[in-house]
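Below is one structure, written out as C-alpha coordinates, with a few remarks after it.
Sequence lines set the chain letters: A, B, ... in the order given, protein chains first and strands last, and positions in each chain run from 1.
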2 protein chains.
Amino acid sequence: MTGQTRFNSWQAVHDEVLRRIREREWKPGDSIPNEDDLAREFGCARSTVNRALRALADAGLLDRRRRAGTRVALHPVGKATLDIPVIRREIEARSQRYGYALQSRQDAVPPGPVRAVLNLGPDARAQHVLALHLADGRPQAIEDRWINLATVPQAADADFAKVSANEWLVDNATYTHGDITFSAQSATAAEAALLGVDAGAALFVIDRTTWHHDDAVTTARLAYAPGYRIQTRI
Amino acid sequence: MTGQTRFNSWQAVHDEVLRRIREREWKPGDSIPNEDDLAREFGCARSTVNRALRALADAGLLDRRRRAGTRVALHPVGKATLDIPVIRREIEARSQRYGYALQSRQDAVPPGPVRAVLNLGPDARAQHVLALHLADGRPQAIEDRWINLATVPQAADADFAKVSANEWLVDNATYTHGDITFSAQSATAAEAALLGVDAGAALFVIDRTTWHHDDAVTTARLAYAPGYRIQTRI
DNA sequence: TTGGCTATTATGTATGCACATATTAACCTG
DNA sequence: CAGGTTAATATGTGCATACATAATAGCCAA
(Lines give C-alpha, C1' and ligand atoms only; values in the text may rest on other atoms or scores of the structure.)
Protein backbone atom coordinates (compact mmCIF):
# COMPACT_ATOMS: atom_id res chain seq x y z
CA MET A 1 0.00 0.00 0.00
CA THR A 2 2.98 2.26 0.11
CA GLY A 3 4.31 3.05 -3.27
CA GLN A 4 1.56 4.19 -5.52
CA THR A 5 2.11 7.91 -5.63
CA ARG A 6 5.64 9.23 -5.70
CA PHE A 7 6.57 12.56 -4.25
CA ASN A 8 9.87 13.15 -5.89
CA SER A 9 10.05 16.90 -5.67
CA TRP A 10 10.27 19.04 -2.59
CA GLN A 11 7.22 20.93 -3.78
CA ALA A 12 5.19 17.76 -3.96
CA VAL A 13 6.30 16.77 -0.46
CA HIS A 14 5.58 20.28 0.76
CA ASP A 15 2.09 20.19 -0.68
CA GLU A 16 1.34 16.74 0.68
CA VAL A 17 2.49 17.64 4.19
CA LEU A 18 0.55 20.88 3.96
CA ARG A 19 -2.51 18.91 2.93
CA ARG A 20 -2.16 16.59 5.89
CA ILE A 21 -1.94 19.54 8.22
CA ARG A 22 -4.93 21.27 6.69
CA GLU A 23 -7.06 18.17 6.57
CA ARG A 24 -6.20 17.62 10.23
CA GLU A 25 -4.58 14.28 9.57
CA TRP A 26 -1.76 15.78 11.59
CA LYS A 27 -3.26 18.03 14.23
CA PRO A 28 -1.68 21.03 15.90
CA GLY A 29 0.78 19.80 18.48
CA ASP A 30 1.22 16.41 16.86
CA SER A 31 4.66 15.08 16.24
CA ILE A 32 5.12 14.04 12.65
CA PRO A 33 7.37 11.23 11.39
CA ASN A 34 11.04 12.01 11.16
CA GLU A 35 12.71 12.92 7.90
CA ASP A 36 14.06 9.46 7.27
CA ASP A 37 10.68 7.84 7.62
CA LEU A 38 9.00 10.44 5.48
CA ALA A 39 11.68 10.07 2.85
CA ARG A 40 11.01 6.35 2.79
CA GLU A 41 7.28 6.86 2.65
CA PHE A 42 7.47 9.45 -0.10
CA GLY A 43 10.09 7.60 -2.01
CA CYS A 44 12.58 10.40 -2.12
CA ALA A 45 15.81 11.50 -0.48
CA ARG A 46 15.92 12.90 3.02
CA SER A 47 17.26 16.19 1.74
CA THR A 48 14.14 16.58 -0.34
CA VAL A 49 11.96 16.08 2.70
CA ASN A 50 14.22 18.41 4.64
CA ARG A 51 13.73 21.21 2.18
CA ALA A 52 9.98 20.78 2.16
CA LEU A 53 9.71 20.75 5.94
CA ARG A 54 12.07 23.68 6.24
CA ALA A 55 9.83 25.72 3.97
CA LEU A 56 6.82 24.84 6.09
CA ALA A 57 8.70 25.73 9.24
CA ASP A 58 9.65 29.08 7.72
CA ALA A 59 6.01 29.66 7.01
CA GLY A 60 5.26 29.04 10.65
CA LEU A 61 3.27 25.85 10.16
CA LEU A 62 5.78 23.49 11.71
CA ASP A 63 8.00 23.69 14.75
CA ARG A 64 11.26 21.87 14.37
CA ARG A 65 13.88 21.14 16.97
CA ARG A 66 16.90 18.97 16.76
CA ARG A 67 16.51 15.64 18.40
CA ALA A 68 13.00 16.57 19.53
CA GLY A 69 11.63 16.24 16.02
CA THR A 70 9.06 18.09 14.02
CA ARG A 71 5.57 18.94 15.16
CA VAL A 72 2.63 20.83 13.79
CA ALA A 73 2.62 24.36 15.16
CA LEU A 74 0.16 24.76 18.00
CA HIS A 75 -0.86 28.23 16.99
CA PRO A 76 -0.44 28.63 13.29
CA VAL A 77 0.89 32.15 13.33
CA GLY A 78 -0.20 33.82 10.17
CA LYS A 79 2.82 35.43 8.62
CA ALA A 80 2.27 37.98 5.95
CA THR A 81 5.13 39.29 3.89
CA LEU A 82 4.47 42.68 2.51
CA ASP A 83 6.47 44.84 0.21
CA ILE A 84 7.53 48.28 1.28
CA PRO A 85 8.02 50.01 -2.02
CA VAL A 86 9.58 53.33 -2.73
CA ILE A 87 6.65 55.72 -2.93
CA ARG A 88 7.38 56.89 -6.44
CA ARG A 89 7.37 53.39 -7.78
CA GLU A 90 4.23 52.57 -5.89
CA ILE A 91 2.44 55.47 -7.55
CA GLU A 92 3.85 54.76 -10.97
CA ALA A 93 2.81 51.14 -10.63
CA ARG A 94 -0.76 52.43 -10.54
CA SER A 95 -0.10 54.36 -13.76
CA GLN A 96 -0.41 57.64 -11.96
CA ARG A 97 1.84 60.61 -12.46
CA TYR A 98 4.29 60.95 -9.62
CA GLY A 99 4.99 64.35 -8.16
CA TYR A 100 7.26 65.51 -5.42
CA ALA A 101 7.31 68.79 -3.54
CA LEU A 102 9.92 69.65 -0.96
CA GLN A 103 8.33 71.67 1.80
CA SER A 104 11.27 72.48 3.99
CA ARG A 105 14.75 71.30 4.63
CA GLN A 106 17.03 72.43 7.38
CA ASP A 107 19.74 71.61 9.80
CA ALA A 108 18.17 71.59 13.22
CA VAL A 109 18.15 70.13 16.68
CA PRO A 110 15.64 67.30 16.54
CA PRO A 111 12.91 66.93 19.13
CA GLY A 112 13.48 64.60 22.04
CA PRO A 113 11.97 61.39 20.72
CA VAL A 114 13.83 61.68 17.42
CA ARG A 115 17.03 62.48 19.26
CA ALA A 116 16.58 59.37 21.33
CA VAL A 117 15.95 57.17 18.32
CA LEU A 118 18.96 58.55 16.46
CA ASN A 119 21.02 58.27 19.61
CA LEU A 120 22.16 61.89 19.48
CA GLY A 121 23.37 64.16 22.23
CA PRO A 122 21.15 66.95 23.52
CA ASP A 123 22.70 69.62 21.28
CA ALA A 124 23.46 67.54 18.22
CA ARG A 125 21.89 68.66 14.98
CA ALA A 126 20.41 66.59 12.21
CA GLN A 127 19.05 67.16 8.77
CA HIS A 128 15.29 67.62 8.72
CA VAL A 129 13.34 67.13 5.51
CA LEU A 130 9.64 67.67 5.08
CA ALA A 131 8.19 66.78 1.71
CA LEU A 132 5.02 65.87 -0.07
CA HIS A 133 4.55 63.00 -2.49
CA LEU A 134 1.85 63.46 -5.10
CA ALA A 135 -0.13 61.08 -7.28
CA ASP A 136 -1.63 62.71 -10.35
CA GLY A 137 -1.11 66.02 -8.63
CA ARG A 138 -2.99 65.04 -5.51
CA PRO A 139 -1.18 64.75 -2.20
CA GLN A 140 -0.49 61.13 -1.43
CA ALA A 141 1.83 61.16 1.54
CA ILE A 142 3.77 63.43 3.83
CA GLU A 143 7.36 62.48 4.46
CA ASP A 144 8.77 63.82 7.68
CA ARG A 145 12.34 62.70 7.95
CA TRP A 146 15.41 63.23 10.10
CA ILE A 147 18.79 62.18 8.78
CA ASN A 148 21.71 61.53 11.05
CA LEU A 149 24.55 63.60 9.60
CA ALA A 150 27.04 61.81 11.79
CA THR A 151 26.28 58.63 9.86
CA VAL A 152 25.47 60.11 6.44
CA PRO A 153 27.39 63.39 6.15
CA GLN A 154 26.85 63.55 2.38
CA ALA A 155 23.18 64.20 3.07
CA ALA A 156 24.12 67.77 3.92
CA ASP A 157 24.93 68.40 0.26
CA ALA A 158 22.13 66.42 -1.35
CA ASP A 159 19.58 68.23 -3.44
CA PHE A 160 16.32 67.16 -1.89
CA ALA A 161 14.39 69.54 -4.09
CA LYS A 162 14.82 67.27 -7.07
CA VAL A 163 14.99 63.79 -5.63
CA SER A 164 13.16 62.79 -2.48
CA ALA A 165 15.15 61.98 0.60
CA ASN A 166 13.44 58.64 0.44
CA GLU A 167 15.06 57.78 -2.86
CA TRP A 168 18.30 59.59 -2.20
CA LEU A 169 18.90 57.44 0.81
CA VAL A 170 18.11 54.25 -1.03
CA ASP A 171 20.83 55.14 -3.51
CA ASN A 172 23.34 56.69 -1.16
CA ALA A 173 23.11 55.13 2.24
CA THR A 174 23.20 51.51 3.15
CA TYR A 175 21.66 50.06 6.23
CA THR A 176 22.06 46.81 8.01
CA HIS A 177 18.71 46.66 9.71
CA GLY A 178 15.62 48.65 10.40
CA ASP A 179 12.39 48.82 12.20
CA ILE A 180 8.95 49.56 10.83
CA THR A 181 5.75 50.44 12.60
CA PHE A 182 2.32 50.69 11.05
CA SER A 183 -0.39 52.62 12.77
CA ALA A 184 -3.43 54.83 12.29
CA GLN A 185 -3.29 58.43 13.44
CA SER A 186 -5.52 61.44 13.21
CA ALA A 187 -4.24 64.18 10.95
CA THR A 188 -2.94 67.22 12.74
CA ALA A 189 -4.02 70.60 11.42
CA ALA A 190 -0.72 70.99 9.59
CA GLU A 191 -0.92 67.55 8.06
CA ALA A 192 -4.53 68.04 7.06
CA ALA A 193 -3.62 71.27 5.31
CA LEU A 194 -0.78 69.63 3.40
CA LEU A 195 -2.85 66.66 2.35
CA GLY A 196 -5.94 68.72 1.64
CA VAL A 197 -8.19 66.79 3.99
CA ASP A 198 -10.14 67.61 7.13
CA ALA A 199 -8.22 67.85 10.37
CA GLY A 200 -8.60 64.66 12.31
CA ALA A 201 -8.90 62.46 9.23
CA ALA A 202 -7.59 58.94 9.74
CA LEU A 203 -4.14 58.60 8.23
CA PHE A 204 -2.21 55.45 7.66
CA VAL A 205 1.22 56.04 9.13
CA ILE A 206 4.45 54.19 8.58
CA ASP A 207 7.33 54.96 10.91
CA ARG A 208 10.63 53.63 9.79
CA THR A 209 14.09 53.84 11.32
CA THR A 210 17.21 52.30 9.86
CA TRP A 211 20.64 51.62 11.25
CA HIS A 212 24.02 50.87 9.80
CA HIS A 213 25.38 48.50 12.39
CA ASP A 214 25.03 50.53 15.57
CA ASP A 215 24.69 53.90 13.94
CA ALA A 216 21.24 55.25 13.27
CA VAL A 217 20.91 56.38 9.68
CA THR A 218 17.52 57.99 9.46
CA THR A 219 14.07 57.97 10.91
CA ALA A 220 11.04 58.85 8.89
CA ARG A 221 7.34 59.16 9.29
CA LEU A 222 5.18 58.66 6.26
CA ALA A 223 1.60 59.79 6.69
CA TYR A 224 -0.63 58.66 3.84
CA ALA A 225 -3.74 60.40 2.60
CA PRO A 226 -7.04 58.72 3.49
CA GLY A 227 -7.85 55.79 1.27
CA TYR A 228 -4.35 54.37 1.33
CA ARG A 229 -4.04 50.72 2.13
CA ILE A 230 -1.51 47.97 2.10
CA GLN A 231 -2.56 44.67 0.73
CA THR A 232 -1.02 41.24 0.68
CA ARG A 233 -1.89 37.59 0.25
CA ILE A 234 -1.27 34.78 2.62
CA MET B 1 45.24 35.90 -3.74
CA THR B 2 42.36 33.50 -3.71
CA GLY B 3 42.25 31.28 -0.72
CA GLN B 4 42.78 33.24 2.41
CA THR B 5 39.32 33.33 3.86
CA ARG B 6 37.06 30.36 3.38
CA PHE B 7 33.32 30.64 3.17
CA ASN B 8 32.32 27.11 3.79
CA SER B 9 28.82 27.63 5.10
CA TRP B 10 25.86 29.03 3.26
CA GLN B 11 25.46 31.62 6.00
CA ALA B 12 28.99 32.85 5.47
CA VAL B 13 28.42 33.10 1.73
CA HIS B 14 25.11 34.82 2.34
CA ASP B 15 26.73 37.38 4.60
CA GLU B 16 29.62 38.00 2.24
CA VAL B 17 27.36 38.54 -0.75
CA LEU B 18 25.13 40.74 1.36
CA ARG B 19 28.17 42.76 2.36
CA ARG B 20 29.21 43.24 -1.24
CA ILE B 21 25.75 44.47 -2.12
CA ARG B 22 25.61 46.84 0.80
CA GLU B 23 29.08 48.18 0.27
CA ARG B 24 28.15 48.77 -3.35
CA GLU B 25 30.86 46.46 -4.63
CA TRP B 26 28.01 45.01 -6.60
CA LYS B 27 25.62 47.79 -7.50
CA PRO B 28 21.91 47.56 -8.21
CA GLY B 29 21.41 46.18 -11.69
CA ASP B 30 24.84 44.56 -11.80
CA SER B 31 25.15 40.99 -12.86
CA ILE B 32 27.09 38.97 -10.33
CA PRO B 33 29.29 35.97 -11.09
CA ASN B 34 27.53 32.70 -11.69
CA GLU B 35 27.23 30.05 -9.04
CA ASP B 36 30.12 27.99 -10.31
CA ASP B 37 32.52 30.90 -10.24
CA LEU B 38 31.39 32.00 -6.82
CA ALA B 39 31.72 28.47 -5.54
CA ARG B 40 35.28 28.41 -6.79
CA GLU B 41 36.02 31.80 -5.30
CA PHE B 42 34.51 30.96 -1.95
CA GLY B 43 35.99 27.52 -1.88
CA CYS B 44 32.72 25.70 -1.40
CA ALA B 45 30.21 23.65 -3.36
CA ARG B 46 27.82 25.19 -5.81
CA SER B 47 24.87 24.02 -3.76
CA THR B 48 26.14 26.06 -0.87
CA VAL B 49 26.28 29.17 -3.03
CA ASN B 50 22.89 28.31 -4.42
CA ARG B 51 21.32 28.21 -1.02
CA ALA B 52 22.86 31.52 -0.02
CA LEU B 53 21.78 33.28 -3.20
CA ARG B 54 18.33 31.75 -2.99
CA ALA B 55 17.91 33.22 0.49
CA LEU B 56 18.96 36.64 -0.77
CA ALA B 57 16.59 36.37 -3.70
CA ASP B 58 13.77 35.46 -1.31
CA ALA B 59 14.62 38.57 0.65
CA GLY B 60 14.24 40.61 -2.51
CA LEU B 61 17.88 41.64 -2.79
CA LEU B 62 18.71 39.60 -5.85
CA ASP B 63 16.87 38.86 -9.05
CA ARG B 64 17.61 35.46 -10.48
CA ARG B 65 16.61 34.03 -13.80
CA ARG B 66 17.65 30.87 -15.45
CA ARG B 67 20.20 31.33 -18.11
CA ALA B 68 20.13 35.09 -17.60
CA GLY B 69 22.00 34.82 -14.34
CA THR B 70 21.78 36.65 -11.07
CA ARG B 71 21.75 40.39 -10.65
CA VAL B 72 21.42 42.80 -7.78
CA ALA B 73 17.84 43.98 -7.52
CA LEU B 74 17.39 47.37 -9.11
CA HIS B 75 14.95 48.57 -6.53
CA PRO B 76 15.70 46.80 -3.30
CA VAL B 77 12.10 46.18 -2.40
CA GLY B 78 11.92 46.19 1.33
CA LYS B 79 10.02 43.11 2.34
CA ALA B 80 8.70 43.02 5.82
CA THR B 81 7.30 39.84 7.24
CA LEU B 82 4.84 40.49 9.96
CA ASP B 83 2.97 38.14 12.18
CA ILE B 84 -0.78 38.19 12.22
CA PRO B 85 -1.51 36.81 15.64
CA VAL B 86 -4.77 35.65 17.05
CA ILE B 87 -5.99 38.61 19.06
CA ARG B 88 -6.22 36.74 22.33
CA ARG B 89 -2.64 35.62 22.14
CA GLU B 90 -1.52 39.08 21.15
CA ILE B 91 -3.10 40.53 24.26
CA GLU B 92 -1.86 37.76 26.52
CA ALA B 93 1.63 38.22 25.15
CA ARG B 94 1.52 41.70 26.66
CA SER B 95 0.54 40.16 30.00
CA GLN B 96 -2.88 41.71 29.81
CA ARG B 97 -6.10 40.00 30.70
CA TYR B 98 -8.00 38.98 27.63
CA GLY B 99 -11.73 39.50 27.45
CA TYR B 100 -14.29 38.73 24.82
CA ALA B 101 -17.83 39.99 24.45
CA LEU B 102 -20.17 38.80 21.75
CA GLN B 103 -22.35 41.67 20.63
CA SER B 104 -24.61 40.03 18.11
CA ARG B 105 -24.80 36.95 16.03
CA GLN B 106 -27.34 36.18 13.37
CA ASP B 107 -28.11 34.55 10.13
CA ALA B 108 -28.64 37.34 7.62
CA VAL B 109 -28.34 38.47 4.06
CA PRO B 110 -24.98 40.20 3.84
CA PRO B 111 -24.59 43.62 2.31
CA GLY B 112 -23.50 43.88 -1.30
CA PRO B 113 -19.73 44.16 -0.92
CA VAL B 114 -19.59 41.23 1.48
CA ARG B 115 -21.85 39.22 -0.79
CA ALA B 116 -19.50 39.91 -3.65
CA VAL B 117 -16.43 38.89 -1.71
CA LEU B 118 -18.03 35.69 -0.49
CA ASN B 119 -19.35 35.05 -3.97
CA LEU B 120 -22.92 34.58 -2.79
CA GLY B 121 -26.15 34.98 -4.70
CA PRO B 122 -28.41 37.97 -4.05
CA ASP B 123 -30.62 36.13 -1.54
CA ALA B 124 -28.05 33.87 0.08
CA ARG B 125 -27.65 34.17 3.82
CA ALA B 126 -24.50 34.05 5.88
CA GLN B 127 -23.57 34.01 9.52
CA HIS B 128 -22.85 37.44 10.89
CA VAL B 129 -20.85 37.84 14.09
CA LEU B 130 -20.09 41.11 15.82
CA ALA B 131 -17.84 40.95 18.85
CA LEU B 132 -15.52 42.93 21.02
CA HIS B 133 -12.06 41.91 22.15
CA LEU B 134 -10.89 43.39 25.43
CA ALA B 135 -7.48 43.90 26.99
CA ASP B 136 -7.57 44.32 30.75
CA GLY B 137 -11.25 45.09 30.39
CA ARG B 138 -10.73 47.87 27.90
CA PRO B 139 -12.01 47.50 24.34
CA GLN B 140 -9.17 46.57 22.06
CA ALA B 141 -10.77 45.66 18.76
CA ILE B 142 -14.09 45.18 17.06
CA GLU B 143 -14.51 42.03 15.05
CA ASP B 144 -17.12 42.27 12.34
CA ARG B 145 -17.26 38.95 10.55
CA TRP B 146 -19.31 37.15 7.95
CA ILE B 147 -18.99 33.40 7.64
CA ASN B 148 -19.96 31.55 4.50
CA LEU B 149 -22.26 28.78 5.70
CA ALA B 150 -22.05 27.09 2.32
CA THR B 151 -18.38 26.47 3.01
CA VAL B 152 -18.45 26.09 6.79
CA PRO B 153 -21.92 24.81 7.71
CA GLN B 154 -20.79 23.82 11.22
CA ALA B 155 -20.46 27.50 12.02
CA ALA B 156 -24.23 27.63 12.38
CA ASP B 157 -23.96 25.54 15.54
CA ALA B 158 -20.83 27.06 17.04
CA ASP B 159 -21.09 28.86 20.35
CA PHE B 160 -19.58 32.22 19.59
CA ALA B 161 -20.50 33.51 23.04
CA LYS B 162 -17.68 31.54 24.59
CA VAL B 163 -15.02 31.36 21.95
CA SER B 164 -14.50 34.09 19.39
CA ALA B 165 -15.29 33.38 15.78
CA ASN B 166 -11.69 34.29 15.16
CA GLU B 167 -10.42 31.36 17.18
CA TRP B 168 -13.24 29.01 16.33
CA LEU B 169 -12.37 29.31 12.68
CA VAL B 170 -8.70 28.73 13.30
CA ASP B 171 -9.59 25.45 14.95
CA ASN B 172 -12.45 24.39 12.75
CA ALA B 173 -12.00 25.71 9.27
CA THR B 174 -9.01 25.33 7.04
CA TYR B 175 -8.14 27.69 4.28
CA THR B 176 -5.84 27.49 1.35
CA HIS B 177 -5.19 31.16 0.86
CA GLY B 178 -6.25 34.56 1.99
CA ASP B 179 -5.98 38.21 1.48
CA ILE B 180 -5.21 40.91 4.02
CA THR B 181 -5.56 44.64 3.80
CA PHE B 182 -4.28 47.19 6.29
CA SER B 183 -5.74 50.64 6.35
CA ALA B 184 -6.68 53.55 8.56
CA GLN B 185 -10.32 54.50 8.92
CA SER B 186 -12.31 56.94 10.98
CA ALA B 187 -14.48 55.37 13.61
CA THR B 188 -18.18 55.42 12.83
CA ALA B 189 -20.52 56.45 15.63
CA ALA B 190 -21.31 52.82 16.37
CA GLU B 191 -17.67 51.81 16.42
CA ALA B 192 -16.72 54.75 18.58
CA ALA B 193 -19.39 53.79 21.08
CA LEU B 194 -18.21 50.20 21.23
CA LEU B 195 -14.58 51.13 21.63
CA GLY B 196 -15.30 53.98 23.98
CA VAL B 197 -13.57 56.62 21.88
CA ASP B 198 -14.67 59.78 20.09
CA ALA B 199 -16.42 59.37 16.79
CA GLY B 200 -14.01 59.92 13.95
CA ALA B 201 -11.02 58.60 15.85
CA ALA B 202 -8.38 57.02 13.64
CA LEU B 203 -8.67 53.26 13.78
CA PHE B 204 -6.20 50.74 12.45
CA VAL B 205 -8.23 48.32 10.37
CA ILE B 206 -7.35 44.87 9.14
CA ASP B 207 -9.61 43.32 6.54
CA ARG B 208 -9.09 39.67 5.98
CA THR B 209 -10.77 37.20 3.67
CA THR B 210 -9.89 33.55 3.38
CA TRP B 211 -10.73 30.89 0.85
CA HIS B 212 -10.64 27.13 0.77
CA HIS B 213 -9.68 26.54 -2.83
CA ASP B 214 -12.35 28.47 -4.71
CA ASP B 215 -14.83 28.71 -1.86
CA ALA B 216 -14.79 31.79 0.31
CA VAL B 217 -14.66 30.84 3.97
CA THR B 218 -15.03 34.09 5.82
CA THR B 219 -14.38 37.77 5.61
CA ALA B 220 -13.67 39.85 8.67
CA ARG B 221 -12.96 43.41 9.56
CA LEU B 222 -10.93 44.06 12.68
CA ALA B 223 -11.00 47.67 13.83
CA TYR B 224 -8.46 48.37 16.55
CA ALA B 225 -8.71 50.98 19.24
CA PRO B 226 -6.46 54.02 18.81
CA GLY B 227 -2.89 53.38 19.83
CA TYR B 228 -2.68 50.02 18.19
CA ARG B 229 0.29 49.44 15.97
CA ILE B 230 2.02 46.66 14.16
CA GLN B 231 5.75 46.52 14.38
CA THR B 232 8.39 44.53 12.60
CA ARG B 233 12.07 44.51 11.80
CA ILE B 234 13.71 44.40 8.44
C1' DT C 1 13.86 39.58 -43.08
C1' DT C 2 11.22 36.23 -40.80
C1' DG C 3 10.42 32.19 -38.56
C1' DG C 4 11.74 28.37 -36.31
C1' DC C 5 15.15 24.92 -34.81
C1' DT C 6 19.19 23.94 -31.92
C1' DA C 7 22.87 24.52 -28.90
C1' DT C 8 24.34 26.82 -24.94
C1' DT C 9 24.17 28.49 -20.46
C1' DA C 10 22.83 29.50 -15.69
C1' DT C 11 19.81 28.36 -12.39
C1' DG C 12 16.78 24.68 -10.15
C1' DT C 13 16.54 20.48 -8.01
C1' DA C 14 17.22 15.43 -6.65
C1' DT C 15 20.33 12.10 -4.53
C1' DG C 16 23.54 9.72 -1.42
C1' DC C 17 26.70 10.37 1.64
C1' DA C 18 29.15 12.33 5.50
C1' DC C 19 29.58 14.88 9.43
C1' DA C 20 27.96 18.72 12.70
C1' DT C 21 25.05 20.06 16.41
C1' DA C 22 21.39 20.41 19.64
C1' DT C 23 18.76 17.95 22.74
C1' DT C 24 17.13 14.37 25.24
C1' DA C 25 17.33 9.83 27.36
C1' DA C 26 19.90 6.62 29.68
C1' DC C 27 23.32 5.57 32.56
C1' DC C 28 26.54 5.95 36.02
C1' DT C 29 28.65 7.44 40.38
C1' DG C 30 28.94 9.36 44.68
C1' DC D 1 18.51 10.10 44.88
C1' DA D 2 21.09 14.08 43.01
C1' DG D 3 24.01 15.44 39.75
C1' DG D 4 26.80 14.96 36.12
C1' DT D 5 28.59 12.09 32.12
C1' DT D 6 27.65 9.65 28.00
C1' DA D 7 25.13 7.72 24.30
C1' DA D 8 21.46 8.02 21.09
C1' DT D 9 18.66 10.59 17.91
C1' DA D 10 16.60 14.06 14.81
C1' DT D 11 17.55 17.92 12.47
C1' DG D 12 21.11 20.97 10.09
C1' DT D 13 24.37 21.40 6.74
C1' DG D 14 28.10 20.53 3.20
C1' DC D 15 29.58 18.19 -0.95
C1' DA D 16 29.86 15.94 -5.52
C1' DT D 17 27.26 14.61 -9.06
C1' DA D 18 23.66 14.26 -12.21
C1' DC D 19 19.95 15.75 -14.66
C1' DA D 20 15.91 19.16 -15.42
C1' DT D 21 14.36 23.49 -17.10
C1' DA D 22 14.07 28.18 -18.68
C1' DA D 23 15.80 31.55 -21.53
C1' DT D 24 18.74 33.11 -24.70
C1' DA D 25 21.87 33.30 -28.71
C1' DG D 26 23.04 31.68 -32.88
C1' DC D 27 22.14 29.40 -36.92
C1' DC D 28 19.76 28.00 -40.92
C1' DA D 29 16.34 27.94 -44.33
C1' DA D 30 12.26 29.75 -46.78
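- B/Glu90 and B/Tyr228 form a side-chain donor-acceptor contact under 3.5 Å, judged by distance and modelled atom types alone.
- A donor and an acceptor atom, one from each side chain of B/Ser183 and B/Gln185, are located under 3.5 Å apart.
- Atom CG of A/Asp37 is separated from atom C1' of D/dT11 by 13 Å (rounded to the nearest Å).
- For the residue pair B/Thr218/B/Arg145, the side-chain donor-acceptor check at 3.5 Å is satisfied.
- When only modelled atom types and interatomic distance are considered, B/Arg229 and B/Gln231 share a side-chain donor-acceptor pair under 3.5 Å.
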**Request:** Any chance you could list the contact pattern along nucleotides 3-12 of chain C? Use B for base contacts, S for sugar-phosphate-only contacts and - for none, protein heavy atoms under 4.0 Å, 5' to 3'.
**Result:** -----BBBBB
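- One interatomic measurement links the two molecules: CG of A/Asp63 to P of C/dA22, which rounds to 18 Å at whole-angstrom precision.
- Checked against the 6.0 Å centroid threshold, B/Tyr175 and B/Trp211 do not count as a close aromatic pair.
- The distance between atom CZ of A/Arg40 and atom P of D/dA10, rounded to the nearest whole Å, is 11 Å.
- Taking 4.0 angstrom as the limit, A/Ser47 places none of its side-chain polar atoms (N or O) nearer than this to OP1 or OP2 of D/dT13.
- The nearest whole Å value for the distance from the CG atom in A/Asn8 to the P atom in C/dG16 is 12 Å.
- In this model, the phosphate group of C/dT15 is approached by a side-chain N or O of A/Thr48 to a distance below 4.0 Å at OP1 or OP2.
- The aromatic rings of A/Phe42 and A/Phe7 lie perpendicular to each other, with more than 60° between the two planes, well past the 30° mark.
- At whole-Å resolution of the value, CZ in A/Arg71 and P in D/dT11 are 11 Å apart.
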